[in-house]
Amino acid sequence: MAGKNWQASDRGAFTARVVAASMAVTAAASTCASAASPGFLPSGYIGSVEPEVLWEVLIAGVVVCAFLASIVIWVHSALRRTKRTQLRRNAFVSSALNNLSQGLILVDSANRVVFYNHRFLEIWGLSRADIPPGCTGRELVELRRARGLLNLTAEEFARQANEPGGCLTELPDGRAIRVTIFQLPTGGSIGIHEDCTAQRRLEGELASTKQFLESVLNHVPVCVAARDLQNGRYVFANRAFEEFSRIPRERIVGSRPAELFSAETAANIEAADQAAMRMPGSCYRNELVVHRKGQQRILDSNRVLATNDKGEPQFLISVFEDATERRSLGLELENTKKFLELIVDNIPVSLIVESVEDGRYLLANRSAEIILNRKREDATGLTATDIFNPREARLIIARDEAAIKKRTLLTEEHPISTKDGLRLFLTRRVTVLGDAGEPQYLIKTYEDVTDRRQTESRMAHMAYHDGLTDLPNRAAFLQALSQMIEACRDTDEEFAVLNVDLKALKDVNDVFGHAVGDKLLIEVARRVQAVARGGVVARLSGDEFGLIIDGKQPEAGRALAEQLAAAIAVDFHIDGKSIRTALTTGISVFPHNGHEPASLLANAGAALFRAKAKARGSITFYEAEMDQQIRDRRVLHQELSVAIKNGELSLYFQPQASSGRTVDASEIIGFEALARWQHPVRGFVPPSDFIPLAEESGMIVEMGEWILREACREAASWPKPLQVAVNLSPAQFVHGDLVALVHSILLETGLSPGRLELEITEGVLIEDFDRGVSLLRRLKALGVRVSMDDFGSGYSSLSYLQAFPFDKIKIDRAFVMNLGRNPQSAAIIRAVIGLGHGMNMSIVAEGVETPEQLGFLAEQGCDSVQGYLLGKPLPIDKYDGVVGRASDDIVTTVRKTG
């Protein structure tokens, strides 16, 4: 169509040119004719023209006309040639456009279609009849929409097609057509329609392949990176590289090493890359040291050059993995190997490895040289026959063969001759099997147990004997008791079990030292054995002995107990010191008081407990009701444990007052906190019942912590800054960190340290003097006050006062209660007050119950007093007035009731 349009335009132009030429020729002829016509000349002139001139003019006109005619003919020929050339050019252009692989359509500035090629019709399945002359581009778009070849409006299509990426249309038959419109300077536009189905498929395959390769590389457990050799930038990094470098891949790709890593690391990478580029066609391996987040890492690196289709290096691919741990493990393995070799070489057990095939020794450590009687290097390759004497060699070979046949651990003891003589060795043999399960090696260890067996023999004696007195111990006594029961069972025979306690052994240790106490025990054991005349005598514990006496009971048992008491009553002379002691005895009788060793001994112990309660040095036989008392004590013990957990304990507070001649003149300056137990069934349980139980069981530690915390918490809430005194048990000094506990409780409760007074007994220092003094000094460093309770009731109080500067001394209540009845009590109180004041220690007397006692103490200068006269132990709310919470009237009421 465009070719026809172009031909019609050329034909009109040619016709115009011919008409113009004809008009020019006619005009020229007319001019000549006019000039030659006589009618136009003046009459006078015409008539005078010569004929020859006239003919010359006519001939000249004809020549001119002929010349003009030739020009016209030449012009016409030139136009014909131009027309043919144009037609050939148009045909060539039309043929070229119609043979393009893309569809082509041209519209003019009025949006009218002026040309489209065959590929355009083929792509959209149209014919020339479908596109009428004068069709616009919009109409052509609507035609495609009507046929289901486009799902966009004309405006959407035009907007997308004018974008650089063009408009992509998916046709129903699966083809993909991309249309791109380019605007022309004349105002029209040209549209390029391209079937990109194959391209889209290839792009999809390429994307899938790329995704697959990236997925594979991302899941490779080693780091992979690729650099472009032209600019040195990374073009690829897998996930392992990203995780190792801890840098996002988006930042890695497009960057150089110097932009990602430290200067040292980047320099190491560049050096390795340059070395790889100098070795084209081969893989370059090296170890690379890099720094990551301040840590040095060692990489095993492989580098290879990737070339393009011309064989020119284009990319450098690096594959590396972090070998730091492996190197470390390798070094550790090497060190471990050396360590194990060192250990094996120096273990005190002899180690020998021999080949099962020929019995030759393959390995021996240094300790085995004792067995081999030669250097281990000299023993390698030898057999037992080459090393040992024939008799020992036959024994060793026989036991080796038995172990190989058994294929399990074989242990035995046998003597071996050494340079030190015949020694007893514990030999262990174990067979090592090969891959096929056949015996391959025999490992043997030899341990010299000569000294051990001798020691075990001695220990067997020690296991059933006391190390100090060499008497049988509790285990041996129970064993002898079992044999005695078996011998007397089903007979009328009786025997008695005596549980004997030595009086004042603890006092001897405290006064004279443990060395003297041990010698006393040895002498007591000798006397007891002499009285028992070869009978069963055992040391059951520190100061308790057990005896078995047969014969008619209870006469025989009582007679032996009395003989023992008489023998021990004689003074002992040890290291120049005369020591007097006594025995307290509890007795149980078979079969009346038990049929088992444990029950007979336990019942004798119960009788001893009752004897101690009566009087030291007494003799008591077991009675049935003692069981009930023991059971009651055990039940009370269990209930005390529950009481501590269930909060059945409470605190009572007893006033401490300054010493005045009368009660009214004695001002209350503080309180002593005392634990009380209100049992839900038993009711009020006296402290004398549950405090010893707590001491014996160790519950006093938990109870003491509770008392200290509650007392400090309560005192911290008093409006008046009165002091509060708390008793500490010796067990609290032994278990746990007492100083840290006191410090934390003071911080927790907010109580000022100066208001807390800790009362201790001599037991704290008796158990471990140095440790006790150290703890007391640390407590005093906290700012708390420390006082000695029950002063005068022990044996070493004066030495303790000299070792530690106590803040206060509490005179034992026994001396106060005997005032007026025992003159010595008054003298002792005067002496203690003078002693305390001389050492800058204040004195408090407890147990004040009468005005006379209070007056005497005030006269003697006692600093403070405590007792029922001043106030009973009561809940703190009974003393609200004293602590500043209510009227002081309540104090008077309390004192009257007290």
Side-chain angles (χ1 to χ4, degrees), residues 1-6 89-218 235-236 308-309:
M1 176 183 291
K4 290 179 181 180
N5 291 339
W6 292 344
R89 186 182 295 112
N90 289 346
F92 173 76
V93 172
S94 178
S95 176
L97 293 179
N98 282 321
N99 285 280
L100 289 175
S101 61
Q102 295 92 2
L104 185 69
I105 183 170
L106 297 173
V107 296
D108 59 15
S109 59
N111 201 25
R112 290 190 301 271
V113 176
V114 296
F115 176 78
Y116 49 85
N117 65 355
H118 297 318
R119 182 59 177 158
F120 174 80
L121 298 175
E122 181 182 342
I123 288 175
W124 297 105
L126 301 175
S127 64
R128 293 189 180 277
D130 295 328
I131 305 175
C135 179
T136 65
R138 184 182 185 87
E139 292 172 347
L140 197 54
V141 171
E142 295 297 338
L143 175 63
R144 295 207 306 273
R145 277 175 51 84
R147 294 194 177 187
L149 303 177
L150 185 66
N151 56 2
L152 299 174
T153 65
E155 291 76 9
E156 292 174 339
F157 171 76
R159 178 176 54 78
Q160 294 184 16
N162 278 281
E163 293 178 354
C167 176
L168 185 65
T169 303
E170 298 282 348
L171 300 185
D173 58 3
R175 290 182 298 146
I177 309 300
R178 186 183 303 278
V179 180
T180 307
I181 297 176
F182 300 94
Q183 299 298 323
L184 299 176
T186 59
S189 63
I190 180 170
I192 305 299
H193 296 248
E194 183 179 5
D195 188 344
C196 56
T197 305
Q199 179 184 351
R200 285 285 299 275
R201 184 178 69 255
L202 290 175
E203 289 176 352
E205 293 176 357
L206 179 61
S208 178
T209 302
K210 181 180 178 183
Q211 183 179 5
F212 170 75
L213 292 176
E214 287 185 353
S215 177
V216 170
L217 291 175
N218 279 331
V235 295
F236 175 78
N308 57 17
D309 53 356

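On a predicted model such as this, the values are computed, not experimentally measured, just so you know. Along the sequence shown, the residues carry numbers beginning at 1.
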Exercise for review: Start with the C-alpha gap between His193 and Ile105, add the side-chain angles, then the distance that decides, and say whether side chain to side chain contact (heavy atoms under 4.5 Å, CB included) holds.
Suggested key: CA-CA 8 Å; His193 296 248; Ile105 183 170; 3.7 Å; yes
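- Considering all non-hydrogen atoms of both residues, Asn117 and Phe120 come closest at OD1-N, 3.0 Å.
- Nearest approach of Arg119 to Gly103, heavy atoms of both residues: CG-N, 3.5 Å.
- Separation of atoms CD (Gln102) and SG (Cys196) is listed at 11.0 Å; rounding is to 0.5 Å.
- In this view, Glu142 and Arg145 satisfy the salt bridge (charged side-chain N to carboxylate O under 4.0 Å, His left out) rule, not counting sequence neighbours.
- Listed by chain and number, the residues in a side-chain hydrogen bond (donor to acceptor under 3.5 Å, both in side chains) with Arg138 are Glu155 (sequence neighbours excluded).
- For the pair Tyr116/Leu104, no side-chain contact is recorded, criterion being any heavy-atom separation below 4.5 Å from C-beta on.
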Would you list the atom pairs, donor with acceptor, under 3.5 Å between side chains in residues 177-190 and any protein atom, with sequence neighbours excluded?
unit_1, atom_1, unit_2, atom_2, d
Arg178, NH1, Gly165, O, 2.9
Gln183, NE2, Asn162, OD1, 3.1

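- The heavy-atom pair separating Val113 from Gly137 by the smallest distance is CG2-N, 4.1 Å.
- In terms of heavy-atom proximity, Val141 sits nearest to Ala154 at CG1-CA, 3.9 Å.
- Partners of Glu156 under the side-chain contact (heavy atoms from CB on, under 4.5 Å) rule, at least two apart in sequence or in another chain, are Leu152, Thr153, Arg159.
- Side-chain atoms of Arg175 come within 3.5 Å of backbone atoms of Ile123 as a donor-acceptor pair (strictly under, hydrogens ignored).
- With sequence neighbours left out, the side-chain contact (heavy atoms from CB on, under 4.5 Å) criterion links Arg147 to Leu126, Asp130, Leu143, Leu149.
- Listed by first then second residue, pairs satisfying salt bridge (Lys or Arg N to Asp or Glu O under 4.0 Å) with a partner in residues 99-108 read Asp108-Arg112, not counting sequence neighbours.
- Atoms CG and CG, from Leu150 and Leu171 in turn, are 9.0 Å apart once rounded to the nearest 0.5 Å.
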